[in-house]
Amino acid sequence: MDVVQLLQRQFIDYMKSLYMEHYLDDQFTQLQKLADESSPDFVYEVVTLFFQDSEKLIDNLTKSLNQQVVDFNQVANHAHQFKGSSSSIGAHRVKNQCVKFRAYCEERNHDGCLTVLQDLQQEYIVLKKKFEILFQLEQDIVKNGGTIPTMD
């Protein structure tokens, strides 16, 4: 087995694990299908924008929850934004944390919100690392003259 085949096998196995562990869902597959020869970096660019926006949203959530008087409607709006952006890239576990966040906001449960914020930040960090590994595998495949395998 040559280097490209080995890398492609690693890529496929890694992608399968991301789906099996519910880091990604079918929306990510749909996102991948939007990439073509004219925009080969489409997924990378969209995911990079997601992470840039997410940093701001996490910061906004943290600041909102640290206010003397918490505006739970504002916190819920930030969580809703985060849910939408995570849904758009298929970030399943992050999206689920956002759903929990909104439920705690509706209950006006400050401690619950703080706990979910920690969980959300952890899921976000793990997802970011997993995407870094995925994109590195893609780069290695292309650098060695191969093509990125599709998940069908």
Side-chain angles (χ1 to χ4, degrees), residues 7-36 39-143 148-152:
L7 288 168
Q8 288 171 328
R9 170 59 35 212
Q10 282 181 313
F11 178 85
I12 289 170
D13 291 345
Y14 191 68
M15 284 294 294
K16 285 180 183 175
S17 75
L18 293 176
Y19 284 96
M20 287 189 330
E21 296 169 16
H22 303 291
Y23 285 102
L24 298 177
D25 61 27
D26 290 337
Q27 185 59 38
F28 185 73
T29 306
Q30 297 304 316
L31 186 66
Q32 287 178 308
K33 289 178 181 177
L34 296 174
D36 58 23
S39 60
D41 295 332
F42 177 75
V43 174
Y44 176 80
E45 291 167 2
V46 170
V47 170
T48 300
L49 285 172
F50 163 77
F51 284 115
Q52 289 170 356
D53 290 345
S54 297
E55 294 284 338
K56 293 173 196 157
L57 288 168
I58 289 171
D59 190 49
N60 289 340
L61 286 165
T62 303
K63 285 178 182 172
S64 294
L65 287 172
N66 288 331
Q67 296 297 313
Q68 206 61 31
V69 176
V70 175
D71 180 348
F72 285 100
N73 290 330
Q74 182 183 45
V75 175
N77 286 337
H78 293 313
H80 182 71
Q81 265 186 286
F82 205 168
K83 178 183 168 238
S85 61
S86 58
S87 293
S88 71
I89 67 157
H92 187 76
R93 289 169 70 150
V94 170
K95 178 191 76 175
N96 285 349
Q97 291 301 323
C98 294
V99 170
K100 289 180 189 176
F101 216 126
R102 292 203 58 213
Y104 281 121
C105 286
E106 288 174 14
E107 296 172 4
R108 307 235 181 283
N109 182 335
H110 189 255
D111 290 338
C113 285
L114 290 173
T115 299
V116 173
L117 177 60
Q118 287 180 328
D119 295 343
L120 178 61
Q121 288 171 317
Q122 187 59 39
E123 287 294 348
Y124 169 82
I125 290 166
V126 170
L127 180 68
K128 190 171 185 179
K129 183 66 181 163
K130 291 193 177 288
F131 268 116
E132 287 169 2
I133 293 167
L134 180 69
F135 292 140
Q136 185 61 55
L137 271 170
E138 287 183 354
Q139 286 178 352
D140 291 346
I141 290 168
V142 171
K143 183 175 69 181
I148 309 301
T150 56
M151 300 287 295
D152 294 326

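Along the sequence shown, the residues carry numbers beginning at 1.
- Rounding to the nearest 0.5 Å gives a distance of 12.0 Å between NZ of Lys128 and CZ of Phe131.
- The number of heavy atoms from other shown groups lying within 6.0 Å of NZ (Lys83) does not exceed 12.
- The distance from atom NZ of Lys130 to atom CD1 of Ile125, rounded to the nearest 0.5 Å, is 13.5 Å.
- The shortest non-hydrogen separation linking Leu31 to Val43 is O-CG2, 3.8 Å.
- Applying the ring pair (Phe, Tyr, Trp, His ring centres under 6.0 Å) rule to pairs touching residues 62-109 yields His22-His92, sequence neighbours excluded.
- Across all non-hydrogen atoms, the minimal contact from Cys105 to Ala76 is SG-N, 3.6 Å.
- The only member of Ile89, Asp41, Leu34 that meets side-chain contact (heavy atoms from CB on, under 4.5 Å) when paired with Val46 is Ile89.
- Once rounded to the nearest 0.5 Å, the distance linking CG of Leu24 with CG of Leu134 reads 7.5 Å.
- With hydrogens and angles ignored, the 3.5 Å screen pairs a side-chain donor or acceptor of Arg93 with a backbone N or O of Glu21.
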Asp71/Ser64 under side chain to side chain contact (heavy atoms under 4.5 Å, CB included): CA gap, chis, key distance, verdict: CA-CA 7 Å; Asp71 180 348; Ser64 294; over 6 Å; no
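- Atom CG of Leu65 and atom CG of Leu114 lie 5.5 Å apart (nearest 0.5 Å).
- A donor-acceptor pair shorter than 3.5 Å can be found between the side chains of Gln136 and Asp140.
- Counting non-hydrogen atoms of neighbouring residues, nucleotides and ligands closer than 6.0 angstrom, the CZ atom of Phe51 exceeds 12 such neighbours.
- Taking all atoms of both residues into account, the shortest heavy-atom contact from Pro149 to Phe11 is O-CE2, 3.4 Å.
- With salt bridges taken as basic N to acidic carboxylate O contacts below 4.0 Å, none links Lys56 and Asp59.
- Once rounded to the nearest 0.5 Å, the distance linking CG of Leu7 with CD of Glu138 reads 11.5 Å.
- If you take CG on Leu137 and CD1 on Ile148, they are separated by 8.5 Å, rounding to the nearest 0.5 Å.
- With hydrogens and angles ignored, the 3.5 Å screen pairs no side-chain donor or acceptor of Ser39 with any backbone N or O of Ala35.
- Within the 4.5 Å cutoff, the side chain of Thr150 has no heavy atoms near those of the Gln32 side chain.
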Trace of the side chain to side chain contact (heavy atoms under 4.5 Å, CB included) decision for Phe28 with Tyr23: CA-CA 10 Å; Phe28 185 73; Tyr23 285 102; over 6 Å; no
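- Smallest separation of non-hydrogen atoms from Gln27 and Gly90: CB-CA, 3.7 Å.
- A side-chain donor-acceptor contact under 3.5 Å links Gln67 to the backbone of Lys63.
- Just one residue in the list Lys16, Arg9, Gln10 forms a side chain to side chain donor-acceptor pair (under 3.5 Å) with Asp13, and that residue is Arg9.
- Lys95 and Asp25 make their closest contact through NZ-OD2, 4.1 Å (heavy atoms, listed as atom of the first residue, atom of the second, distance).
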